[in-house]
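Report on the structure given below.
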Amino acid sequence: MGFLWKKHQLRAIENKRNKLKIPVFTGVNMNYNFNEIEKKWQDHWAKNQTFKADNFSDTPKYYVLDMFPYPSGAGLHVGHPLGYIASDIYARYKRHKGFNVLHPQGYDSFGLPAEQYAIQTGQHPAVTTEENIKTYRRQLDQIGFSFDWSREVRTSDPSYYKWTQWIFIQLFESWYCKHADKAFHISELIKVFSEEGNEGVEAICDDNVEIFSSSEWNAFDATKQQEILLKYRMTYLAETEVNWCPALGTVLANDEIVNGVSERGGHTVMRKKMTQWSMRISAYAERLLQGLDQIDWTESLKESQRNWIGKSVGASVTFKVIPNDSSGAVETSHKIDVFTTRPDTIFGVSFMTLAPEHDLVSKITTGEQKPEVEAYIKATSKRSERDRMADVKTITGAFTGAYAEHPFTKEPIPVWIGDYVLAGYGTGAVMSVPCGDQRDYDFAKHFDIPIPNIFEGIDISEEAYGAKENVVIANSDFLNGLPYKEATKKAILELEKLNQGEGKTNYRLRDAVFSRQRYWGEPFPVYYVNGMPQMIDKKHLPIRLPEVEKYLPTETGEPPLGRADVWAWSTESNTVVANENINHTTVFPLELNTMPGWAGSSWYFFRYMDAQNDEVFASEEALNYWESVDLYIGGSEHATGHLLYSRFWVKFLKDRGFVSIEEPFKKLINQGMILGTSALAFKHIVDYDFLIKYLDINGSIISNEPISISEEVLIEQDLINDDGVDGRIETEIMKKVRRKLEDSRPNISFDLKPKLTSFSLAMPFHIDVNIVNSSDELDIRAFKNHPLYQDYNESIFITEETDIYKVSREVEKMSKSKYNVVNPDQIVKDYGADSLRLYEMFLGPLEQAKPWNTAGITGVHSFLKKLWKLYVGENRLNVTTTEPTKDNLKTLHKTIKKVEEDIENFSFNTSVSTFMIAVNELTAQKCTSKAVLEPFLILLSSYAPHITEELWNQLGYNESIATVPFPEFDAKHLVESSKNYPISFNGKMKFTLELPMDMSKDDIEKTVMAHDKTIAQLEGRTPKKIIIVPGKIVNIVG
RNA sequence: GCUCAAGUGGCGGAAUUGGUAGACGCGCUGGAUUCAAAAUCCAGUUCUUCGGAGUGCGGGUUCGAUUCCCGCCUUGAGUACCA
């Protein structure tokens, strides 16, 4: 029962509360009533905008950001808030430390799931997205995050995607100058073209640009000029081979494909040629690589970006194809360009290999070889990408009949095709050096091609020698005797002399396809004149998503926007108008694709700085004040998607002068996944034949009846291989059959003859974790009544103890299909948000994957109850102005030190233990001193904001605890006068000895050696050596 | 295959610069309280043949190693014919 205040006390409190405008709950409960407290303070923070950040402040800024959540229909499970809790603790801590903290939240609300749902149900994705956001918001709110919600953004909101469209236009209007190594406005390129032509332009552009003079440029018509410029723009339209996913009806980026199938849904993906918008991210490959050295990310994350960028330094080499008339081609002189990282091995080339898709293949294949080559190409094109990846062992290929000329020896080299050469990397052709590359080696062995050895003293009879170190080149003319490095240099030099090669750096990073054949994404601000894309002027943005009656592609295979009736651009009214007005003179068709998911998330961190601005994506002042994200927390699944694209856009925006930073995320932490603890039961399927003998009163058989039954027997894992268990199963089945017979034939006795006919292996299946208790005991009755397990209604259980089935546990990913999902709503209801926050942190290191086990939450929950009891006594606040004792201060200050260190190191789990130790100690010390209990609340308030805010308030403060300074650590309280020395013998601690801190080494030795236990331990031996580290340890050797 | 991360009680984990291995919590055992249960409180809880042994395994450096070095094994994540 709750304690009721006396009337006069109540009045006094009420007066005070009215003054402070804090919600009142009458009949203050002296118990820790977390539900009430948490609701009260969440409402208070929201009403008072406690966490609203100011864009202009004299205090230093700190920007803490969580990775943009996609509001899925399933809502949050306990794994999702982990990172949010960590960042919230850090944000709150930084506020205590005097920083002006920006800690915003919003939604990456365009995306596939809402659209898939729309296709199935016909509901507009905007409607379901709105609903999902509401659920998310409710769930986030109840955990007590200190977000500044006044800055909320949603990527699907036109006032937001207006600026995504704007950035797209900037990209379209830009080109990349290699010389200055940055992007510029396209007008500067046009100027150069009209004055000097393009020969001197060093730009990142398509490979197929023709060279033209200024006069030629000026003579081109507008369409031709546009066509050329498109090859230079940072975003461009090109026919590219894309990853087409028929099931999703869209194109996917490389990072959206996992193991050859779509990341979402696991559908097959095939190669298809389509005209698509692409982003020239490859222009930034080197800067994206170099920038990694400037940022504080985990090494593994940087490593995956490095791998994705895939820089390799080598040379391009041109081989001339030896003309051969039998190919029947009109042109007879061809060149094969290859990229190699080992130009030093050029004298080891014994054949060349082209990708089967290579353009030259059809041109150089001789008539004789044509049937074989064509058959091979046909066979390989049938193999899906996935088969090709899975099947690395099988060596296949075909000889084209053509020969290329070695640049130095002028010897003919046979040209092969093989699918181990990828069309998409380098030039799609390789110079094969079997002695130095295992794949070339295997290919040569398989097709009996010679394997010349060009390495001094290295045996290549078994395998290729791929290492670069400790190698000296031989049989290689002018390279003889040179090690790798020098040989490489020399080879490139000689190739340059012949004009048949040069040093070259290659990147694996491809330009990113930016079109999606989807409805629920940003529309492009683009219309088409004579097939050439035109940007809509920035002042007419946003171009809003049109309405469509269905969210599927059209019958003619166009994207869903092809279904919109009002989707044309009038250059007269500068508005979107009905399609019937299209006349290709003033009204033009609009782009039908939409932007990919990463468009909106590549710049959202800037929008939070100035979320409401309608003039610019964020004001210069706001951008300059907040600069970049100081701490970014999120999952590692974004390693090569979002985190690479964001860096790319930021570098671009910097080049164009829109922002002043080069990297968006200074420090990044990947929180580990919270895994589910699945419950597994095991079943046998057991088949029996029974012979039922019906008996009369005398026991004589009246009749025989054979029956067959099949039973699902649930058995505890421990019993599966138990000896007596078969007998138990048979007994139980007999019992069950007997019971049934007795029910149906009550007055007849019978005898049963069982015969086992089959017995399956034990099969595990998932049990809903909600019907299993913390001791792994399945509630059998609940199980039989559970709608999921109706099939087991009458199943037999074989268990150690009656009525209790012990499930087996397995840690796996938390997922609906495994029935191991734990919902935070229930946790908050049962234990409160503060308990949830503490427990999520207490589970283990933030960055590590760890299993969730709800049972353990009672530990942190009873800690909070103990804390409450420490502050709130039987009927009044237990906090007094009593002077703190030495012990009180020692406990407080060691806690301050530890918690501060922990937060700075993102070691949140260890501070939770520290809080527990502190409360245990202060309780044992019967501490009531305000001078200790107040600062302790501040320490804890980042972790458990509600209970601390409540107690802070009860202590009489009217300002939120979130705004008060962090307690100062004072080392003097930790100074000890004595030390409990561990006394070790040969490094093993045997006993401890309390000695004064200021005791000299000699005195320590004398005291220890004279001690009874030392004498007993030594058994008369004389120690060889005595190590004494004052204040640390004594070690006696001998 | 390559890259990265990690292996410590029944479980989650702690030991931050080499110095008392197992903090803190869960679970378990026993006890108190209760008509009973929940809750709460107290005690114990690495293994052990009671000598000791012990941080994945085998070596090494050191007075002393979970921590440093060498070689292996296992698990997880990412990536993959990248020339």
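For clarity, every value in this text was computed on a predicted model and none was experimentally measured. A, B, ... follow the sequence lines: proteins, then strands. Residue 1 opens every chain.
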**OP:** Find the distance A/Met916:CE to B/A23:P and express it as a whole number of Å.
**Re:** 14 Å
Original post:
How many Å lie between CG on A/Leu846 and C1' on B/A5, as a whole number?
Top reply: 15 Å
**OP:** Under the ring pair (Phe, Tyr, Trp, His ring centres under 6.0 Å) rule, collect the residues that match up with A/His446, sequence neighbours excluded.
**Re:** none
Original post:
Base, sugar-phosphate alone, or nothing: which one does A/Asn1035 contact when heavy atoms must sit under 4.0 Å apart?
Top reply: base
Original post:
Taking only residues at least two apart or on different chains, which pairs with a member in residues 982-997 of chain A satisfy salt bridge (Lys or Arg N to Asp or Glu O under 4.0 Å)?
Top reply: none
**OP:** Output all residues satisfying salt bridge (charged side-chain N to carboxylate O under 4.0 Å, His left out) with A/Lys1001, sequence neighbours left out; order by chain, then residue number.
**Re:** none
Subject >> Sub-4.0 Å heavy-atom contacts from residues 982-989 of chain A onto RNA chain B, ordered by number >> reply: A/Pro982, A/Gly987, A/Lys988, A/Met989
Original post:
Applying salt bridge (Lys or Arg N to Asp or Glu O under 4.0 Å), which residue pairs with at least one partner in residues 834-851 of chain A are found, sequence neighbours left out?
Top reply: A/Asp88-A/Arg837
Subject >> Whole angstrom value for the distance that separates C1' of B/G13 from CG of A/Leu675 >> reply: 15 Å
**OP:** Select base, sugar-phosphate, or nothing to describe what A/Ser300 touches, counting heavy atoms under 4.0 Å on all strands.
**Re:** sugar-phosphate
Original post:
Taking NZ from A/Lys1025 and P from B/C63, how many angstroms apart are they, rounded to a whole number?
Top reply: 5 Å
**OP:** Please list every stem that involves RNA chain B, where a stem is a run of 3 or more consecutive Watson-Crick or G-U wobble pairs with both pairing distances under 3.5 Å.
**Re:** B:1-7 with B:73-79, B:10-12 with B:24-26, B:27-32 with B:40-45, B:56-60 with B:68-72
Original post:
What is the distance from CD1 of A/Ile417 to P of B/C81, rounded to the nearest Å?
Top reply: 19 Å
Subject >> Residues in salt bridge (charged side-chain N to carboxylate O under 4.0 Å, His left out) contact with A/Lys890, at least two apart in sequence or another chain >> reply: A/Glu976
Original post:
Nearest-Å distance, NZ (A/Lys1013) to P (B/U20)?
Top reply: 18 Å
Original post:
Just checking A/Asn920: base, sugar-phosphate only, or nothing, at a heavy-atom cut-off of under 4.0 Å?
Top reply: sugar-phosphate
Original post:
Checking ring-ring contact (aromatic ring centres under 6.0 Å, His included) against A/Tyr839, which of A/Trp852, A/Tyr831, A/Phe908 comes through?
Top reply: A/Trp852
**OP:** Answer with base, sugar-phosphate or nothing: what part of the nucleic acid does A/Asp902 contact at a heavy-atom distance below 4.0 Å?
**Re:** base
Original post:
Looking at A/Asn980, does any N or O in its side chain come under 4.0 Å of the phosphate oxygens OP1/OP2 on B/U20?
Top reply: no
**OP:** List in chain and number order the residues that pass ring pair (Phe, Tyr, Trp, His ring centres under 6.0 Å) with A/Phe319, two or more places apart in sequence or in another chain; answer none if no residue qualifies.
**Re:** none
Original post:
If you pin A/Thr340 and A/Glu299 to their nearest nucleotides in RNA chain B, which one's is more 5'?
Top reply: A/Glu299
Original post:
For residues A/Thr396 and A/Tyr376, is any side-chain donor paired with an opposing acceptor at under 3.5 Å?
Top reply: yes
**OP:** Record whether the side chain of A/Lys990 comes under 3.5 Å of the base of B/U20 through a donor-acceptor pair of N or O atoms.
**Re:** no
**OP:** Output every pair passing salt bridge (Lys or Arg N to Asp or Glu O under 4.0 Å) with a member in residues 342-351 of chain A, not counting sequence neighbours, ordered by first then second residue.
**Re:** A/Arg342-A/Asp344
Original post:
Quick one, which residues of residues 856-867 of chain A touch RNA chain B with a heavy atom under 4.0 Å?
Top reply: A/Gly856, A/Thr858, A/Gly859, A/Ser862, A/Lys865, A/Lys866
Original post:
For A/Asn670 and B/A6, what is the distance between atoms CG and C1' respectively, to the nearest whole Å?
Top reply: 15 Å
**OP:** For B/A77 versus B/U55, give the span between their C1' atoms, rounded off to a whole number of Å.
**Re:** 24 Å
**OP:** Find the distance A/Glu637:CD to B/C4:P and express it as a whole number of Å.
**Re:** 22 Å
Original post:
Of the candidate nucleotides B/C63, B/C81, B/U16, which contains the atom at the shortest distance from the side chain of A/Lys898?
Top reply: B/U16
Original post:
Got a sec, which residues hit salt bridge (charged side-chain N to carboxylate O under 4.0 Å, His left out) with A/Lys667, two or more places apart in sequence or on another chain?
Top reply: A/Asp296
Original post:
Does OP1 or OP2 of B/C82 have a side-chain N or O of A/Arg439 closer than 4.0 Å?
Top reply: yes
**OP:** Could you check whether A/Gln848 gets within reach of a base, just the sugar-phosphate, or nothing at all, counting any heavy atom under 4.0 Å?
**Re:** sugar-phosphate
Subject >> Residues that A/Glu900 engages under side chain to side chain donor-acceptor pair (under 3.5 Å), provided they are two or more places apart >> reply: A/Lys97
